[in-house]
Structures are given as C-alpha cells and as structure tokens.
2 protein chains.
Amino acid sequence: MKAELRLWLRLLTTTTTIEAEIRRRLRTQFNTTLPRFDLLAALDRAPDGLTLGEVSARMMVTNGNVTGLATRLESEGLVARRVDPQDRRAVRLTLTTEGQAVFDTQSAAHGSWIKEMFAGLAPEEREALHRLLGRAKSALQTALEAEEAL
Amino acid sequence: MKAELRLWLRLLTTTTTIEAEIRRRLRTQFNTTLPRFDLLAALDRAPDGLTLGEVSARMMVTNGNVTGLATRLESEGLVARRVDPQDRRAVRLTLTTEGQAVFDTQSAAHGSWIKEMFAGLAPEEREALHRLLGRAKSALQTALEAEEAL
DNA sequence: GAGAATTGTTTTAGGCTTCAAGTATGTTGA
DNA sequence: TCAACATACTTGAAGCCTAAAACAATTCTC
C-alpha cells in the first residue's frame, strides 16, 4: 500500500477516535450532540449573534442544516431567533442566558477532555505535530487550488 | 486558547477538508458515497465475504447502520446477501462481479486522489507526520483506558 | 433435553446532513 | 420604475448514523 494512503488512514482513524469520544461524552454527560455544541461555540465567539448564513459558513455546513439545528436549539431555549431589522431576509441567532450558561459548562468540560487526550504527548511532540499538520494543510490547499483551476 | 485545543482543531480541520473533498469526488465522479465505498473496500479485503457483524466492527459503525447500507448496495447489485450455512443467524455479504469491477475503478481513483493531496509534503515530512500520529494514537489509547478503569 | 444466556440481525424513533426547489426580500441597471 | 438578478432562509426527499428494543438462532448449563 502506498505511503500516502497509510498516512491518510492513520490521520483519519486518529481524528475519528477522538471525535467519537467527544460525541460519546457530550451525549452521556450533557445529553447533547457535537453539532449542537459547535453551534453554541460559534455563537459564543460572536457577542452580537450571527445570521444563519454566517453560522453556516463558520460551521462549513449547508444552510438547510443550520435551519434545523437552530430550530431544535430554539425549542430547547438555548438560542433565540430574531429577524434582522436591517435585512428582513436574514435571521439573527443569539445565545439566551440559559444557552450561555449551558455552553460555559460544556466548554470547560470539552477543554479538559482534549487536554486529557493529548496528555501523553510531550510538548515538543505536540508542537511538531501542529507544525506538520500546518504543512499538510497548506500542501492540500495548493493541490485543491490546482485541481480547481482545470 | 490552550495548545492542546489548537492542535485538536488543526487535526480536525485537516481531516475534515480531505474527507469532504473525497466525498465530493465520489459523488460527482461516481455518484456514490463514502460509506458505500468503505463497505465495498471492507469486502474487497475479505475474499470469502464478511458477516454484517464483521463489517460493522471493521467500519466502526452500528449493526443497524450496516443493515441499511447493505440493503441499498444490494438493490444496486453491487453486493450479495446470503445466510451463512454454518450459522443461520448470520448474513454473509460478498461483492458481486459488478461490485468488484465498480470498486476496482473507484479504488484506483481514490488512491490517486490521496497521493495528489499529499503531493506537497516532502517524504521526510510525511514520515514524521505518520510517526507523530502514531504517538498521538497510542497516547490517546492510554488516556482512554485510564478513563475506562474509573 | 429444557430453560437461560448469548449472539447476529433487523426494526424503530430520532437527529444530522446534503441537494434541489421554493419563498421572500433586496439590489441594480436599462 | 420595474424587471431581472442576487441573497437569505426554509422545505422536502433521501441517505447516513445512533441507541434501544424486538426477534431469531445458537450455545451453555443444569
């Protein structure tokens, strides 16, 4: 098997394992899901809220997807939907007080999970991995741009 | 933000970007999906076929999920379902002749996509990344086992 | 051997995701 | 001005995915 393929499979399984564990803990400890958490996180970083389109761009998912997520989170009372007065086509999403409190708790736990999962890696290894992933990302970017230009 | 979190986010976006591109190409070039491709790949590696349970373990997804995937692929004529004569509870899945041909084509393309996407990385970088991901995986393993023992 | 536990699969209910089509609002230029 | 185009969102159909419950066949144990 080609070296590139082996690298890709290892990258994939590492990421998948971590992600599965995060999903599992979000479910068992907070009865929530990763997409819900990600949406709250996006709103947490935006004090004035975000339109659905902005959320969709930040989360790299489709508009229709965000519509459904927002509807569920709204019905749970964690986010508020409100038509933008400036542009009546746009819907602005904000964290409710409860949503902010819920996110703060979940976010703290999430941070400590990640820290725990990488605890076995020496700081130099962590840095080297971070750097190489950066290299891989930019190599990838180049490859995809070349592809697109065809 | 913590160094661990930055590392995780970079790992996640790198993987997600590659995976999204693979999904996109499978869809546009072969009108198929990654789970379908993964199931065919699992069968390709098993000359005598696999039971649904074995597929489910290899793909790290639930049994119910494989039932649905198998049903769709069966209706497309790419896999065959047949009760195992040894253990009549089990269903054995095999590639049909058409399924094998389809997979061979898709697999060749998939391999060249991966090669292309990592082309910008020097062989030493590729190796270093592979090694560090191995370290991360085993560190992770240790952390999760420690967690489980609680 | 009969009953109990285990194993392999399917079903059910619900959430996530996409694409494509539809609705409403906003912008622009002849 | 107003028709054409663009933008923001929603809806609908289909597939992917999970957990839990239901079902069926096998194995274990007494």
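Residue numbers begin at 1 in each chain, while the letters A, B, ... track the order of the sequences. Keep in mind that this is a model prediction, so the values were computed, not measured.
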- Query: Considering heavy-atom distances to DNA chain C, does A:V61 or A:Q86 have its closest nucleotide positioned more toward the 5' end?
  - Reply: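 So the residue in question is A:V61.
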
- Note on the structure: Per-nt protein contacts along nucleotides 1-12 of chain C (heavy atom under 4.0 Å; B base, S backbone sugar-phosphate only, - none) come out as ------BSBBB-

Any pair with a residue in [range] that passes ring-ring contact (aromatic ring centres under 6.0 Å, His included), sequence neighbours left out, goes on the list, sorted by first then second residue, please.
range                      : result
residues 51-102 of chain A : none
residues 57-103 of chain A : A:F37-A:F103
residues 71-97 of chain B  : none

- Residues two or more places apart in sequence or in another chain: which of them pass side chain to side chain contact (heavy atoms under 4.5 Å, CB included) with A:A80? A:T94, A:T96

- Item | Partner residues of B:E127 under the side chain to side chain contact (heavy atoms under 4.5 Å, CB included) criterion, sequence neighbours left out | none

- Pair listing, salt bridge (charged side-chain N to carboxylate O under 4.0 Å, His left out) test, anchored in residues 56-68 of chain B, at least two apart: none

- Message: If I take atom CD in residue B:E76 and atom P in nucleotide D:dA14, what distance separates them, rounded to the nearest angstrom?
- Response: 14 Å

- Not counting sequence neighbours, which residues clear salt bridge (Lys or Arg N to Asp or Glu O under 4.0 Å) with A:R92? List them please. A:D84

- Can you sort out which residues in residues 21-37 of chain B have a heavy atom within less than 4.0 Å of DNA chain D? Ascending by number, please.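 Close to the strand are B:T33, B:P35, B:R36.
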
- Message: For a quick test of reading the model: is some side-chain N or O of B:R88 closer than 4.0 Å to OP1 or OP2 of D:dT26?
- Response: yes

